[in-house]
Amino acid sequence: MTEMVTVKIAEDWKSSVTFWLALTTTTCALVIATVDATNFLRAQEPPKSPVTVSR
């Protein structure tokens, strides 16, 4: 005979804080990596020629 066992995981404030800190840290890391990659790619572009101004 097979018994059905119900498992309930108690969620306390520590696990909630840990989850939100991990999510915030991951989001910040993705933003920083995106900004760094964008700046790196912009630095690889050849410099634009200066615009001549007529007087």
Side-chain angles (χ1 to χ4, degrees):
M1 183 172 179
T2 306
E3 273 189 50
M4 184 77 92
V5 177
T6 304
V7 177
K8 184 175 181 183
I9 299 173
E11 187 173 328
D12 57 350
W13 67 273
K14 290 179 187 177
S15 62
S16 295
V17 169
T18 302
F19 168 78
W20 288 110
L21 282 176
L23 183 66
T24 303
T25 303
T26 303
T27 303
C28 290
L30 288 172
V31 169
I32 291 170
T34 303
V35 170
D36 284 348
T38 304
N39 288 337
F40 177 76
L41 291 175
R42 283 186 183 161
Q44 299 302 315
E45 293 177 1
K48 297 178 180 160
S49 61
V51 178
T52 56
V53 179
S54 59
R55 295 184 182 187

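Rounding to the nearest 0.5 Å places CH2 of W20 at 12.5 Å from OG1 of T25. We find the OG1-CG distance between T18 and L23 to be 12.5 Å, quoted to the nearest 0.5 Å.
The backbone N or O of S15 sits less than 3.5 Å from a side-chain atom of D12, completing a donor-acceptor pair.
Around atom CD of E3, no more than 12 heavy atoms belonging to other residues, nucleotides or ligands sit under 6.0 Å away.
Hydrophobic cluster membership is shared by L21 and W13, with clusters built from Ile, Leu, Val, Met, Phe, Trp and Tyr side chains linked at under 4.5 angstrom.
A pairwise comparison of heavy atoms in T26 and A22 identifies OG1-O, 2.8 Å as the closest pair.
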